[in-house]
Amino acid sequence: MASLVPCPHCGARPKEEFTVKGAAQVRPAPDTDKKSWVDYVYLRENPRGRYEEFWHHTSGCRRWLVVIRDTATHEIESSCDAAFAGQTDART
Amino acid sequence: MSDFRPTFRPALGAKTAITSAEVKLSALPEGAIVQVLAPPGEQDVASFLSGLGKGGVRTFSPGQWLIVGDEPMTQEDMKTLFETLEPRATGVDQSAGRARIRIDGKQAGRVLSKGTALDLSADAFPVGRSATTLIGHIAAHITRIDSDSFELIVLRGFAESLWDDLTRMSAEYR
Amino acid sequence: MKRHGTNPIRYSALSILFNGLRGNQAWTPAWRQPEPKPHYDVIIVGGGGHGLATAYYLAKEFGITNVAVLEKSYIGSGNVGRNTTIIRSNYLLPGNNPFYELSLKLWEGLEQDFNFNAMVSQRGVLNLFHSDGQRDAYTRRGNAMRLHGVDADLLDREAVRKRLPFLDFDNARFPIYGGLLQKRGGTVRHDAVAWGYARGADMRGVDIIQNCEVTGIRRENGIVTGVETTRGFIGCGKLGLSAAGNSSRVAEMAGLKLPIESHVLQAFVSEGLKPFIDCVVTFGAGHFYISQSDKGGLVFGGDLDGYNSYAQRGNLATVEHVAEEGKALIPSLSRVRMLRSWGGIMDMSMDGSPIIDRTHLDNLYLNAGWCYGGFKATPASGFCFAHLLAKGTSHDTTRQMRLDRFERGYLIDENGQGAQPNVH
Amino acid sequence: MTSYRLATGGLIDRQTPLSFSFDGKRMLGFEGDSLASALLANGQLLVGRSFKYHRPRGILTAGTAEPNALMTIGQGGRTEPNTRATMQELYQGLEARSQSRWPSLEFDVGALNSLFSPFLGAGFYYKTFMWPAAFWEKIYEPFIRKAAGLGKASYEADPDSYDKCWAHCDLLVIGSGPAGLAAALSAGRSGARVVLVDEHSAAGGSLLSETATIGGASASQFVAETVAELASLSNVQILTRTTAFGWYDGNVFGAVERVQKHVLDPLPAVPVERLWRVVSKRAILASGAEERPLVFGGNDIPGVMMATAMRTYLNRYGVAPGKHVAIFTTNDSGYALARDLESAGVNLVAVIDGRPDAGFRYSGRARVIKGAYVSDAHGRKALSSISVWKNGSVETLKADALAMSGGFSPIIHLACHRGAKPVWSDEQAGFLAPTGLNGFELAGAVNTNSGIAACLADGAARGAACVEALGFTASVATFATVEGDIVAPPAKPIWKIPGIKGKAFVDYQNDVHRKDLALAVREGYGHVELAKRYTTNGMATDQGKLSNVNAIGLLAEARGVSPAEIGTTTFRPFYTPVSFGALAGGHFGHHFQPVRESPLHDWAKKQSAVFIDTGLWYRSSWFPRNSETNWRESVDREVLNVRANAGLCDVSTLGKIEVCGNDAAEFLNRVYSNGFLKLPIGKARYGLMLREDGFIYDDGTTSRLEEHRFFMTTTTAYAAGVMTHLEFCAQALWPDLDVRLASVTDQWAQMSVAGPKSRRILQPIVDDDISNAAFPFLAAKEVSLFGGQLQGRLFRISFSGELAYELAVPAGYGESVADAIMEAGNPHGIQPYGVEALSVLRVEKGHVTHSEINGTVIPADLGFEKMVSQTKPDFIGKAMLNREGLTAEDRPRLVGVVPLDPKASFRTGSHILAKDAAATLENDQGYVTSIAYSPHVGSTIGLALVRHGPERHGEEVVVWNGLCGEFTAARLCNPVFVDPQNEKLHV
């Protein structure tokens, strides 16, 4: 549902209130090898289907979200605040 | 230069209210707006802020609130408030950084719906509820202050553009 | 020329006359519908413009005719069939500029070359600028073009007004300062490009196999031996991937993760109008661009929707934004109606430039990352990919379009946007 | 021998005549007419010419699918080409003009194309016009372009206003025919929020063309009563003249309301069109079904019309299609028309029913010919007769109007906008919507119901079910008995009619006839998408509403397969075309984007500033004085004055971010490439922010005001981006850090006071001691002003290279403080300076901006090696910096450029070539990033990024601007042109 993005803080809001960053990857530890860093910065799974990505509610609460969305159907499975993305009960 | 009296110029100072039977647009006084930012995990900040009695408390963002008042706060009051807030939260003075616009009337919600995707029906957005949203191309903070009244808080630099947009959006109800 | 494929009628006014007088019953298929052979010297995955062009040039220029193009749907069903038909070579960086100029030169002789009228129309491409900073950037670009012998002209506001008096010169939020014009840029009838290459490749013996989806890439000892498809296994000597928006999915079958995201880009056509605008114009205060097809429809588009997508359809907010930009540029568009919108899946690379290179597997070759510039690149992409497949070495103009440039730090970033595909 | 208005009948208001014109001819219609019905009432059968063969064409439909009756209405900036006469409401003073004809509609030279039609078949243009090569662009293409196209658009700006609106509802009902009305009624009565949209001027849909009665009341009376009840419910919103044009993700529908398209002079305060974005929890598509034409010879001759359209003209508008009417049908619906024609007193020549076993009990007078086909229609600009083929023999009947009905296709367009494919049903003889559309239901004829009663029942049930699923208590609305209802079961379609002699059209507007489709198959373009692209079938303004199913049927027959195997082309928005104006809403002209104004805007205006766009901001560019005749004079003066005395520049547009929290210092240390942990309180530091890929993102100064409170500035252009980036770092990367970010850009009016006399000017205003000892270079603190009347923030930082301060005061006081500084500075010669002078000053000093930080430079390229910490364990961009390409020796690096001849100049964007080198891409050494005329140096100076630049100071080069024919001999040099030792900063 890329027309409306469910913000866990603000409810469903239109796409134009958001900024999309792309794959919600985990930043490597600073001392990780170069290959992991190249992977992080440049390589993408780019799946057709379920995808975890960062969206920013720029014109709303200004929180970064992890949105789980299907790239083929645009259906959004869940969204949660990026700061709590690791916690299982954080998803709406 | 101690004889010099600095004068204050409100962002929407030159705007006179636009009034009709169905919708009224007016600039609210530039009093005090304090952005309150709590550290992650801090609890019960909202009720703490309400208890301070320093002005209306508006939810702004997770862990953030606005304290809003019609009267300006003196430097001393502001400093005292900031000290009171610590360590539960940090205050940032936004009194001059934001302008407030009030829109009232039977068509107020309809006018705003020309710009925002918020569902402004009374059930979905009751009195007291706040949200930041796009109104057309401009981000603004909306609070329902009465059944047919809304307060808009907008970045000062955009205030005049938003005013113009609202004027245009309400033209058909005048 | 030795013919391996069909022996079709040569297209000309005479053949039209001849066939027309005989009730048009004698026209033959433009390409065959062959059954896949068990093995080909080269298999190209993707029957779009690039894949078909690659096959065509492999056969025509490099004498490799035992070639199959595998297409999961019908040929030209991807981006070559859903773009805004623009050709140009107004590129800034040395990693791009000579390649796109080669492409434009190939466009210029293409129709006679493959005997199909693709309506290559060099109507001019005008990029408007709306600030001193943009003018400076276009000056730098125009000079880079000139250094490579590419035509470029810097127009001031009055020269733009003379050419396109109906742009907003009176009440614009972002006034027009001028424009960079490439007169040799223009438009092409996009579907005809796929058909022309397909027919040309087919008559030289290439098998174009439609409704044949690749489902796996078989590997043995570090080399590719063939592909699993919905029509069975097909062996190959070399495998070329030319799958545009689906590149990541196909590459994954060979264990390859790409510096690419797939994004949807919408394009639009208006109702047919009498001649309205005679060149391609781009709006510098946004992403809007517009031209008019020979049939009369205004063809235009804007920015990416912004999120990864494999769905060939777009978002209404983007449509509205495109309309705003269009009306901001040309106020009289207001009462023109949009007829249809569609979405193409762009293989957006991490620096905004393409990849034509070998891969980690010896006989697997990659052609991807075209972003929204793939259509104009079709001839050179086909030619250079064919060169790489045939000779094993990069064509001069694609030497920098390497897959390892990200790791090595030799990026070809025209806009300086960094590793953020949706803003290129 | 033509159409005419009946003496009675119809839903038009015969008391309100409306005068209008067609091609200059004055005509009369009535309130309630469409332009099409009024034209027919005036006997105007010929309304347009076809695209390719310029064949005479008449009105074919009474709705959105009309392919022929496209006209231009309106004048000047209100000109609207390609307006469907069938959808345009008639109004007093309407002026309609036909299109695509020359010199006139009656006599069109283009009709000669018909003679050459054997050579103009599908895709003929792909096979010719290639020789000589130069002829395509010079001769063939201009001719084709001139001949192509439909109406002519105006070049005048549209004078009218537009707007947009969001709507939220539980149920959106699309279409207000029997099914839509019933659905809205069931749902509305439950209390659910309902929005009912209909593209026509009045609600009612097909009911408005009906002669059946419901509970004894006429269908139109039933509509009026139902609409009245719906209108009385506060939870129901009815939007007529509103077309739902697209179904988007998340059950968001786009719809366009034609608010004032039916008036001559729209009210200026009210939009002419309004775009709706409807967010609905559930939606019901009650769009009805489209009648299919039959593909016989001459099926495009004026006088041939869809049967339902003819019935609409007859019943709703009181217009008879002709004096001698024939009906060609393949299903029972044709008999409803037969009945109505006869009861209106129109002579019905015959009903030709393609079904040999047609069982409909027809009680009229007309001859019914079963198992027969109309193989050809005859006539040029109007129908004169038809050939009826039966079992190989042909009979000619005289007729001036012919209705055709080839069955019905559900209008499933919207249901397929989100990628689901239609499914062919042999039983229903049509493509049906896919099932399992999340929250989107079909009701009525689109759901394969036939007849009023069935549609009412289906709509009522689905409306109730939809809102019950949302938790409402609903009962299914019930209705009185329908009398005179005709239920037409689907008939086996007849794609290929025998005995055809003439051209049999499939896509009317694009002149695609059945032989074109056969040719496409023959040549290998048999896939439905290829056939569409090759023949242009379905690409006209009706997007195949009438033609697609027939084309698919013909392709299927040619290929010997079922239509199921052919499938459809893709349904995409827009259901019907939507104007740019409606989609743009109020955001056009100067309102395209909002304006952002500095708190010192009015101060600058008072100082007669010339403003320039910088993103959304207006910034003061320079401040002309009376005697100055060009901008350079002003800028030179401003620059010299800053270096000699002092200047005041508005820098309020810089991004300003307060970074607070217990981990603020650690956070800054991670987002900047240089160190910030140890920045003392009361100090500012220049910071360099990289992207994760190692390239510079932005720069600015950050000051530590308190232990846990920093004040960051960013560039104007990147202010929003930096804030978003910092939020990403704080929230997504390091949520464990206590860092809190507040954008305070708009809170502060910020003024740069620069020049040797700046301290003398500011000291009387600032209560605190700002002597060099007390407030040295890079000092930063909160200060008291005007004897404690105001608090501000003072920073001793300099972009110009002079002794300089930046003073920030609350925005509302900005103008007043700027006035005070100007007054205090007057004796010292202070003058305002704008961003042009600022740019000169910074180029003279070799300071970089985003002209240099263009996204492809790393710190070392700009001589900032030392600002990349080698000791910090982590900062954004660190990991990628040591790549081969980023450490390469030959990267373009910052250097200064001066012309050898001080009178010579060059421009930004010029490239650098070694002296005597040929102008080739291979010899390109770099490019000029910024230039300025430096009054200090006495010539143009520039900054450039040049390979090995820092090692080449003193080298003669050519600044190459082939684009403008300028080639300037120049010398590379140190990029700092003023005070390279930075002595002025520390005075």
Side-chain angles (χ1 to χ4, degrees), chain C residues 11 13 16 20 24 27 29-31 74 94 111-112 116-117 121 136 139-140 142-143 146-148 152 154 166 171 173-174 191-192 271-276 294-296 311 316 319-320 323-324 326-328 331-342 408-410 413 416-419, chain D residues 80 82 118-119 121 124 126-130 133 141 144-145 148-150 152-158 248 254 519 522-524 527 529-530 533 541 572-573 577-581 583-584 587-590 592-593 691 693 695 854-856 883-886 908-909 911 919 921 924 927 962-963:
Chain C
Y11 291 161
I16 289 179
N24 289 312
W27 292 107
W31 51 84
Y74 60 94
E111 294 150 299
Q112 289 70 29
F116 204 93
N117 185 359
S121 177
D136 294 346
T139 305
R140 181 184 163 204
N143 276 317
R146 287 282 188 111
L147 278 175
H148 190 59
L154 198 68
F166 48 86
N171 189 36
R173 173 71 182 80
F174 301 106
D191 291 319
E271 293 181 336
L273 297 171
K274 288 291 170 198
F276 183 81
D294 283 348
K295 192 162 173 283
L316 180 54
V319 179
E320 292 175 42
E324 287 170 12
K327 192 169 167 181
S332 63
L333 278 182
S334 184
R335 285 178 124 96
V336 171
R337 285 181 283 254
M338 295 192 194
L339 177 61
R340 187 171 169 87
S341 66
W342 60 95
R408 294 174 58 236
Y410 287 103
D413 188 347
Q417 296 287 0
Chain D
E80 280 192 25
N82 307 336
F119 317 115
F124 80 93
Y126 298 124
K127 298 171 183 161
T128 183
F129 300 134
M130 287 180 275
E141 192 183 32
I144 289 171
R145 286 174 84 91
L150 299 168
K152 193 169 165 53
S154 167
Y155 283 131
E156 285 180 52
D158 186 342
Y248 296 90
L519 180 63
R522 196 173 304 132
E523 294 195 276
H527 188 287
E529 290 281 0
L530 290 174
R533 287 161 160 77
T541 58
R572 296 180 182 281
V578 183
S579 72
F580 271 82
L583 288 161
H587 300 291
F588 60 89
H590 196 73
F592 166 55
Q593 292 281 308
R691 298 188 308 227
D693 64 359
F695 294 89
N854 59 19
T856 65
R883 283 179 290 167
E884 182 188 334
L886 276 67
T908 304
H911 287 237
L921 208 53
D924 193 3
Y927 54 98
L963 197 56

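Bear in mind that the values here come from a model prediction, so they are computed numbers and not experimental data. Naming convention: chains lettered A, B, ... in sequence-line order (proteins, then strands); numbering from 1 in each chain.
- Heavy-atom distances place both the backbone and the side chain of C:E111 under 4.5 Å from chain D.
- Interface residue D:Y248: only side-chain heavy atoms are found under 4.5 Å from chain C.
- Atoms CZ and OG, on C:F166 and D:S154 in that order, are 11.5 Å from each other to the nearest 0.5 Å.
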For this session: Go through the steps for C:N117 and D:K127 under the test side-chain contact (heavy atoms from CB on, under 4.5 Å), then give the verdict.
Result: CA-CA 6 Å; C:N117 185 359; D:K127 298 171 183 161; over 6 Å; no
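- Of the atoms belonging to D:F124, heavy atoms from both backbone and side chain fall under 4.5 Å from chain C.
- Residues D:L886 and C:G409 approach most closely at CD1-O, 3.4 Å, considering heavy atoms.
- Contact annotation for D:Y927: only side-chain heavy atoms (C-beta onward) come within less than 4.5 Å of a heavy atom of chain C.
- For the residue pair C:S121/D:E141, the side-chain donor-acceptor check at 3.5 Å is satisfied.
- Side-chain contact check for C:Q112 versus D:M130: some heavy-atom pair is nearer than 4.5 Å.
- Put simply, the side chain of C:R335 does not reach to within 4.5 Å of the side chain of D:S579, judged on heavy atoms.
- The backbone N or O of D:G589 sits nowhere less than 3.5 Å from a side-chain atom of C:N171 that would complete a donor-acceptor pair.
- The CG atom of C:N24 lies 8.0 Å from the CD atom of D:E523; values are rounded to the nearest 0.5 Å.
- Taking the side chain as every heavy atom from C-beta outward, C:E324 and D:F588 never approach each other to under 4.5 Å.
- Heavy atoms of D:F695 lying under 4.5 Å from chain C belong exclusively to its side chain.
- Contact of D:H590 with chain C is made through backbone and side chain together, with heavy-atom distances under 4.5 Å.
- For D:L519, the part sitting under 4.5 Å from any heavy atom of chain C is the side chain, from C-beta outward, and nothing else.
- Listed options C:A192, C:P275, C:G272, C:P331 were ranked by heavy-atom pairs under 4.5 angstrom with chain D; first place goes to C:G272.
- What you find for D:R145 and C:D294 is that their closest heavy atoms are NH1-OD1, 2.7 Å.
- Only the side chain of D:D693 comes within contact range of chain C, judged by heavy atoms closer than 4.5 Å.
- Counting heavy-atom pairs closer than 4.5 Å to chain D, the top residue among C:G418, C:A328, C:A419, C:S332 is C:S332.
- Residue contact with chain D, scored on non-hydrogen atoms closer than 4.5 Å, involves the backbone and the side chain of C:A13 alike.
- Side-chain contact check for D:K152 versus C:L273: every heavy-atom pair is 4.5 Å or farther apart.
- Relative to the six-membered ring of D:F592, C:R173 misses at least one condition, a distance below 6.0 Å or an angle of at most 45° to the axis.
- A cation-pi arrangement is absent between C:K327 and D:F580 under the rule of less than 6.0 angstrom and at most 45 degrees off the ring axis.
- Judged by distance alone, with hydrogens and angles left aside, the side-chain atoms of D:H911 form a donor-acceptor pair with the main-chain N or O of C:R140 at under 3.5 Å.
- For the pair D:N82 and C:R337, the minimum side-chain heavy-atom distance is below 4.5 Å.
- When side chains are defined from C-beta on, D:T541 does not count as touching C:R340, because their heavy atoms never get closer than 4.5 Å.
- Only the side chain of C:D191 comes within less than 4.5 Å of a heavy atom of chain D; its backbone N, CA, C and O stay farther away.
- No donor-acceptor pair under 3.5 Å is formed between the side chain of D:D158 and the backbone N or O of C:L333.
- Only the side chain of D:R691 comes within contact range of chain C, with heavy atoms under 4.5 Å apart.
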